[in-house]
Amino acid sequence: MGAMVGSAVTLAETPLLSYVLGRADDALILGHRLSEWTGHAPILEEEMALANLALDLIGQARLLYEYAGVIEGAGRSEDDFAYFRDPPQFRNLLLVEQPNGDFAMTMLRHFLYAAFADPYWRAMMASADATLAAIAAKAEKEMAYHLRHAADWVIRLGDGTAESHRRLESALATLWPFTGEMFRAEAGEAALIAAGIVIDPATLRPTAEATIGRVFTEAGLTRPACDGWQSGGRRGRHSEALGHLLATLQHLARSHPGATW
């Protein structure tokens, strides 16, 4: 792989811009992770399903990046935000950047995210910001399907063979410490919450935990204890995994900035 030559953008982030970029980054990074299964999924039908889930998420990212460009007012496009920011400028949850691992890891990661994102986007349909409310109306329908699909797989794997159950338990031990960050509001969001522009993520915890508990019971999983939640993604402190992901995602655009075909 050749060296990247494109320069990273410099942003003057307001609370609303950081917030919108965070949700866009969640969708882009998780969508890219799912797209990595193309050509490698265990069955053809699931390969198509994962590709469609990825397209849903990347579609959400495009709408949010487009709105981020409007908020910033500097003429930046969705491609500028996706391809020309460095890892510390990304505001996504640590959960979504975790490597795919095996199929159990991928489906559990998606289930945990969807258990939060489904009620999140449903609540955001009442946002005082008309653009965010419109994006939420589209995303909620998609995430409701994502939640059903991922939950079905978690139950099948947990209630399947001893090996599938073992792998799911291993995935849960790895991913669980990253779930606390989903329900944490960042500094600067208080005014947005008070104005009804965004939802306080802490209010979604009971709904998400009820969903997780119901599916875990059917899957025969026990919620692990957590000595400390992992966070920092919203503030640009990421795992090494994001750097590797972005090196692939951004390689072409940075190597040939402005290229068209």
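Along the sequence shown, the residues carry numbers beginning at 1.
Evaluation of the side-chain hydrogen bond (donor to acceptor under 3.5 Å, both in side chains) test over residues 39-67, restricted to residues two or more places apart or in two chains, returns Asp25-Tyr65, Glu46-His149, Glu46-Trp153, Asp56-His146, Gln60-Glu142, Arg62-Glu78, Tyr65-Arg85, Tyr67-Asp129.
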- Task: Kindly determine whether Asp118 and Lys141 satisfy salt bridge (Lys or Arg N to Asp or Glu O under 4.0 Å), including the steps that lead there.
- Result: CA-CA 8 Å; Asp118 176 49; Lys141 295 182 179 68; over 6 Å; no
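No donor-acceptor distance shorter than 3.5 angstrom exists from the side chain of Thr203 to the backbone of Ile199, with no hydrogens or angles considered. The main-chain N or O of Gly158 is found under 3.5 Å from a side-chain atom of His165 such that the two form a donor-acceptor pair. Counting only distance, with no hydrogens or angles, the side chain of Ser127 and the backbone of Met124 share no donor-acceptor pair below 3.5 Å. Side-chain N or O atoms of Thr211 include one that pairs as donor or acceptor with a backbone N or O of Thr207 at under 3.5 Å.
Here Asp152 contributes atom CG and Met107 contributes atom CE; the two are 9.0 Å apart, rounded to the nearest 0.5 Å. Between atom CG of residue Leu93 and atom CG of residue Asp26 there is a gap of 4.0 Å, rounded to the nearest 0.5 Å.
Scanning for side-chain hydrogen bond (donor to acceptor under 3.5 Å, both in side chains) contacts around Glu13 gives Ser18, Arg91, with sequence neighbours left out. In this view, Arg148 satisfies the salt bridge (charged side-chain N to carboxylate O under 4.0 Å, His left out) rule with no residue, not counting sequence neighbours. The side chain to side chain contact (heavy atoms under 4.5 Å, CB included) test applied to Ala68 returns Leu17, Val20, Leu21, Phe81, not counting sequence neighbours. Remark: Arg166 pairs with Glu163 by the side-chain hydrogen bond (donor to acceptor under 3.5 Å, both in side chains) rule, at least two apart or across chains. In this structure, the side-chain hydrogen bond (donor to acceptor under 3.5 Å, both in side chains) partners of His238, at least two apart in sequence or on a different chain, are Glu97. Among residues two or more places apart in sequence or in another chain, the ring-ring contact (aromatic ring centres under 6.0 Å, His included) test is passed with Tyr120 by Phe116. Asp79 pairs by the salt bridge (charged side-chain N to carboxylate O under 4.0 Å, His left out) definition with nothing, not counting sequence neighbours. With sequence neighbours left out, the salt bridge (charged side-chain N to carboxylate O under 4.0 Å, His left out) criterion links Glu140 to Arg122.
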Would you list the atom pairs, donor with acceptor, under 3.5 Å between side chains in residues 214-225 and any protein atom, with sequence neighbours excluded?
from	atom 1	to	atom 2	distance (Å)
Thr217	OG1	Gly213	O	2.9

Atom pairs and distances, side-chain donor-acceptor, residues 187-198, under 3.5 Å, sequence neighbours left out:
from	atom 1	to	atom 2	distance (Å)
Glu189	OE1	Glu186	N	3.4

Name every donor-acceptor pair, under 3.5 Å, that has one atom in a side chain of residues 98-106 and the other anywhere in the protein, sequence neighbours excluded.
from	atom 1	to	atom 2	distance (Å)
Gln98	NE2	Leu94	O	2.9
Asn100	OD1	Arg109	NH1	3.1
Asn100	OD1	Arg109	NH2	2.8
Asn100	ND2	Arg33	O	3.0
Asn100	ND2	Glu36	OE1	3.0
Asp102	OD1	Ala104	N	3.2
Asp102	OD1	Met105	N	2.9
Thr106	OG1	Trp37	NE1	2.8
Thr106	OG1	Asn100	O	3.0
Thr106	OG1	Asp102	O	3.4

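A salt bridge does not link Arg205 to Asp200: none of the charged nitrogens lies less than 4.0 Å from a carboxylate oxygen.
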